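Working notes for the structure below.
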Amino acid sequence: MRGNTICRSLSVKHENFKTCAQSGFCKRNRDYADHASSLSSSWDSPYKLDSSSIKFSNGVLSGTLLKTIDTTTAETVRLPLIITFLESGTARITIDEERRQTGEIELRHDSKARKERYNEAEKWAIVGGMQLSSGAAVSRDAEAGSTKVVYGPGSTFEAVIFHAPFGVEFERGGETQIKFNEKGYMNVEHWRPKIEKPIEEKKEGEDATSEEVAKEIGEDESTWWEESFGGNTDSKPRGPESVGIDVTFPGYEHVYGIAEHTGPLSLKQTRGGEGNFNEPYRLYNSDVFEYELDSPMTLYGSIPFMQAHKKDSTVGIFWLNAAETWIDIVKAKVSANPLSLGIGGHTDTQTHWFSESGLIDVFVFLGPTPKDVVRSYSELTGYTQLPQQFAIGYHQCRWNYVTDEDVRDVDRKFDKHLIPYDVIWLDIEYTEGKKYFTWDPLTFPDPLGMQKQLDAHDRKLVAIIDPHIKNEGGYSVVDELKSKDLAVHNKDDTIYEGWCWPGSSYWIDCFSPSARKWWAGLFQYAKFPSSAPNLFIWNDMNEPSVFNGPETTMPKDNLHHGHWEHRDVHNINGMTLINATYEALLSRNKAEEKSLRRPFVLTRSFYSGSQRLGAMWTGDNQASWDHLAASVGMILSMGISGFPFAGADVGGFFGNPSKELLTRWYQAGAFYPFFRGHAHIDTRRREPYLAGAPYTEIITQALRLRYSLLPAWYTAFYQASTSGTPIVQPNYYVHPGDEKGLAVDDQLYLGNTGLLAKPVTSEGAESVDIYLADAETYYDYFDFTTYQGPGTKTIPAPLEKIPILMQGGHIVPRRERPRRSSGLMKFDPFTLVVVLGNSGDAEGELYLDDGESFEYEAGAYIHRKFAYSGPTSTLSSEDLSIEGKKTKQYLQTMMDVRVEKIIIIGAPESWKIKSEVGVSEEGTNKSTPVKKAALSWHAASGGKAAWAVVRNPAVAIGKGWKVDFAS
Amino acid sequence: MRGTRSLVVLKLALLTLSSAEANRPRGVSPEFAKYYKDPTTFTCISNPSVHLPASLVNDDYCDCPDGSDEPGTSACSYLSPLSPITPPDIPNNDNINTTIALPGFYCKNKGHLPAYVPFTNVNDGVCDYDTCCDGSDEWAGVGGTKCEDKCKEIGKEWRKNDEARQKALGNAGKRRKDLVAEAGRLRKEVEDRIQSLTTQIEGSEIKVRNLEDELRDVERREKGKIVRGSGQRKTSRINILAGLARQRIDELRDTLIRVRQERNSSKDRVKELEAILSTFKEEYNPNFNDEGVKRAVRSWEEYAARDKPSDGDAAHDRDLDAITQPDKENGLDWDEWEDSEESLDVDVLYKFEEYLPVPLRTWLDQKLRDLRIWAIENGMLADRPSDSGESRAVSDARNRLESAQKELKDNTDSINTHREDLAKDYGPDDVFRALKGQCVSTDSGEYTYEICFLDKTTQKPKKGGGDTGMGNFVRLETIFVDEDLPPDGKGLGSGQRIAMRHENGQHCWNGPNRSTTVVLACAEKEEIWRIVEEEKCVYRMEVGTPAVCEIGGGRREKGRDEL
């Protein structure tokens, strides 16, 4: 006993979560792969495409795969195959099982579960890009035993389908990019009745061998019919039903994606060996308490989307399956072929995907750039929601602000210390006894007064609402949930009861349309007591987290709407909740129905498609330097996984950060797309104003930096919402041709602004090394010190400094006036920072709208391109918008908003003698003399670039204009 | 109208206004008016080397490194150590020192008190009526903002409140006088008590000296008697006694062995339980925040943190081992006692504990006393005047002396306590003496909080359950506070305040011992205004009391914030 000092060592409880060996189908599929590998070329994959069944029309190839299940009788199982070619250049392979499809199977234990393999994942994940390819065609020059389909942009893509054994290879420009079932790991566990074998007496020798053989080929029956873990038994009414296949990326050394994990951005190998993992990456959304770093363990969310990248080429696959999924990764060095002269060795990345149930349903993206792959994926699953402006400001959270007066006090203190923030948050303690849609009458007697005070400075409140509904008499929400039968059911098809924050609870089943409708009703102002329009929602625990469930979640044999087993839909479950909340927040009364408001929902659990609905954060991290460091890679990974609105708890959730760590975390957090400070209930208070000198001042600078760059952030969000571009981008994404930087994951580019930040993540640092991929000139954000790429540069980083460089060639919009919240900056003037590159040119974008409504869809926005041309020495603003019904009206409200300052970094020496520039604005009379604005030029000195300032050109931000530096 | 006015119109309006206001540009206070008199040139206030055309004053662009050219806009609001500054952010800067020249945007607030608004709040679309009741901070009307002049009503309300505050302060002042008088009376009481104690002590000292003499005399007189009396108390029934004693000792030993076994098995059970609880504490999931579990863990930690009876005292066990050996091995041969009558001396029996191992002696002594009383009562043992063989006369004298000595000591202790009390810090004018031990309480959330002055602070759950000590008073301190004063004046305000430190309250789960700082400010009566948990289990209580009026805790500052 250590007496009063409690030093709880923080580490994940591994015993609460399955290893691959403890997950029946994971072990079976790995064994199957091992068996196939051990036989190498003599392995005969039992899957053959029945050539006579192949049909092709309108971009869809269909046929039947036959799985031989008994070599002696040649008995086969029929597996319908569909390969879809989409107009976008994306292909999709879908494999089902006929017998289950048609329901000709029997379920054990009189189960009420559906008999089909789950085929509704696309209902949740896919929202677009499904237009069939008109140009795809079967090629005549296919070799015997194969079928070739030509498709994609300019017919540069090819899919070669091998019949026996079944396999598919995707080619781009004549080069093979992706191979399916090349290793023969394909495995569709067909339905079979359970044969109750008499327990045989063990005969010496004989039995052992037959068991071994069974094991060898992955037919370990011990986990077919029942599985127990942590005191819970899964009844598995449909028996073994996993699906798996190997996917090889020849010549690709790096793979990224399959968020959410803590390991490096460039994924590690999982089959052991020096520096590799021993376990496959797992995707099974879980509330992992005190999760560990550098681990393939599952976390709260799943995005089964992987990109493979090599110099100048990116391809990817999206495994559309919502069941528990594991992915093995092996990087095989292929030595140089002595026969092909001049070709050196290369690395193939071999991946092996398997899910517990459902279909094999894979989308294939052939790039060729990371941007293309992410865009194609986002086209299918949806772009990130364009959030309200406030959502990208700073969020102040804590478990818990204990009273409404506490909230008001924190609000006042931020103002008193001149620290900007937009949102204050309430964790679970605001409720009366953990009953959502209630307020604790003792601690929150005046929620409306509190929300009104926040609204006075255009600030918001976010309150937590979780999917578990307290099982307590007289609580109207649970009474309705029960009487309307809208909760998740157990395997006996009656209401499922589990344990969470409130104790005994039921879970809303958001797969059910009537449950979603009911849920939306709960958020109506009239129904949710004391809720104001500036209240938004945080959905936590939606994996779902069930304290007494297997692996802290629901039993897999629970039943959802439509009698799908929880096993089938688990990874989508979290998304269905925020989907319901999103729908609820669009309008909370009649008036809002006419003019919808952009919802804000934060989620912990997610799946492909969740990006359409809100923001995510990386869950319960820890106040330690390594967790700060890990957050950068995790957020970058979310960005390239199509869900860029991501953040980590600033300061670390568990534990007390030192003031230095807290300060550095704010500096890093200023570059998280979702920027929220949060803390566990047992930690000390750590609001920025409490840190004291010099920390409070430095933290405030970081916050004000974030706010001054909000125009750039908002523009990046706009781009993400229209093309899937990550908001913060890793080196490989920005420089896909830079072979050396493909694994760099500790620095990030902000959108297309050329701002490159390298968060300091080690204690006592005075400098950091930053990696520059290209031969561009980079400038220190704060003092314009010049760094010439490429290469690794050391830049000073004392505590008060965030290492940020500006890549030459960009124009960054800023708003310099510190306000109390982002809403109060709405009519502030802009500063444009023109960073001249090697070419002498620079370019940038600005997107702007009212930041809260959907009127931008009717044209109520400003979208400008700024371009500086070296040869003509002019800076101009061009319109990128498409006029709509509401454009004029919006521009009218913004007509007084001007550019107050233009800063040119790397300004030419020839400007030394200049004192003014010519300014012209559209709409002014041609005969009007060109306006003049003062120019001041400052010479380069001590490694710092020359710079110039145009004083108040006073051109409207919503108009076209030109600043002439030559005149 | 939303944003229909152009900047040009605004500038014109500004010019008209400034000429009407005797050349005082918008946002400039009378204090700084002198810097803005020159109609053609403006000189930056803190950077006189920078001259600007007067037309650049309040043109919504920052030209002075000290921000002084924009007293009426937010254009220079970013000039602050709180902002991320880059070289072009500081205009006309050639390594000029950039101290901000102006305290803020000056609101005239006609009909109320003038005040400064932070430049960051100028033209941000929010009417900052709490500082700028005339709405002049939103002169540009961004986004259609209109802030009408509310100084008339706000001023009226403020004056009403101020009057009440002044009245309250007046009353508080009077009450403080009463408190000081009461404190003086209490102090006088203590001083008087010291006075009388001094006299008493002198008397007691004389008395002690006399009684010491008396005791010496009596002792001398009684000595002979005692010598004569010795040797006459031998009894012939010693054998019986020895037999009985032996039996009794055996009984005691058996009991001891049994009790020891029971103790050992209890100890094992405690160990097992502790191990269970210790694992429980390591492995439970604090994230689940189950209050019942947390409470159990908390109690366990408190239990575990307490001093345990030294568990591993091997010496003690060795002693017990020795005791439970047969008597022979302890050097006590009962047969010898029972057989050889001649050499018996009963006094040896009285001293026989000395043969026993030390730890058992006290326990056995008590048993032997019981045994002796029993023996005497049964006529087996002769009674004796006293253990030490003292005569009644001597012991009476000794008793008298002892009681006199005790009285002297009590008086000395008492006088020391009172002297210490006089030397203690009871705050200015000794005023807290009058509050000592008085308690006030208030409800906040799910608890009732109580302070008993110069004693302790307590948290009492409304839903039932035990009180939680939030700290015991240790000392007075002076701290600096900076808070806005609510209209009713019930708040700390800004400046030096007297605070009472309370430490070593109940231990906090996963945290320190609770402590409370009670910050005092002037009020009409004792009342708790606010309780904040500043950090985990570190509380701050804001308490009003007349005791601190017009001294450290007085809030005589003007009711407006000076920025």
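Predicted model, so just to flag it, every value in this text is computed and none were measured.
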side-chain contact (heavy atoms from CB on, under 4.5 Å) with Asp440(A): which residues, sequence neighbours excluded? Leu442(A), Thr443(A)
Sort Glu533(B) into side chain, backbone, both or neither according to what part of it lies under 4.5 angstrom from a heavy atom of chain A. backbone
Closest heavy-atom pair, Val142(B) versus Phe827(A), reported as atoms and distance to 0.1 Å, is CB-CB, 4.0 Å
Looking just at side-chain N and O atoms, do Arg819(A) and Ser74(B) make a donor-acceptor pair shorter than 3.5 Å? yes
Applying a strict 4.5 Å limit to non-hydrogen atoms, the region of Val122(B) in contact with chain A is backbone
Looking at Arg817(A) and Asp60(B), does any basic side-chain N land under 4.0 Å from a carboxylate oxygen? yes
Under 4.5 Å heavy-atom distance to chain A, tell me which part of Ser80(B) shows up: side chain, backbone, both or neither. side chain
Side chain, backbone, both or neither of Asp63(B) within contact of chain A (heavy atoms, under 4.5 Å): side chain
According to side-chain contact (heavy atoms from CB on, under 4.5 Å), who are the partners of Gln701(A), at least two apart in sequence or on a separate chain? Glu697(A)
Considering only NZ, NE, NH1 and NH2 on the basic side and carboxylate oxygens on the acidic side, decide whether Asp128(B) and Arg820(A) come within less than 4.0 Å. yes
Got a salt bridge between Lys416(A) and Asp482(B), using NZ or NE/NH1/NH2 to carboxylate O under 4.0 Å? yes
Residue among Glu405(A), Lys901(A), Glu900(A), Lys413(A) with most heavy-atom pairs under 4.5 Å to chain B: Lys901(A)
Which atoms of Leu79(B) come close to chain A, meaning under 4.5 Å heavy atom to heavy atom: side chain ones, backbone ones, both, or neither? neither
Can you tell me which of Ser444(B), Cys537(B), Pro81(B) forms the most heavy-atom pairs within a distance under 4.5 Å of chain A? Pro81(B)
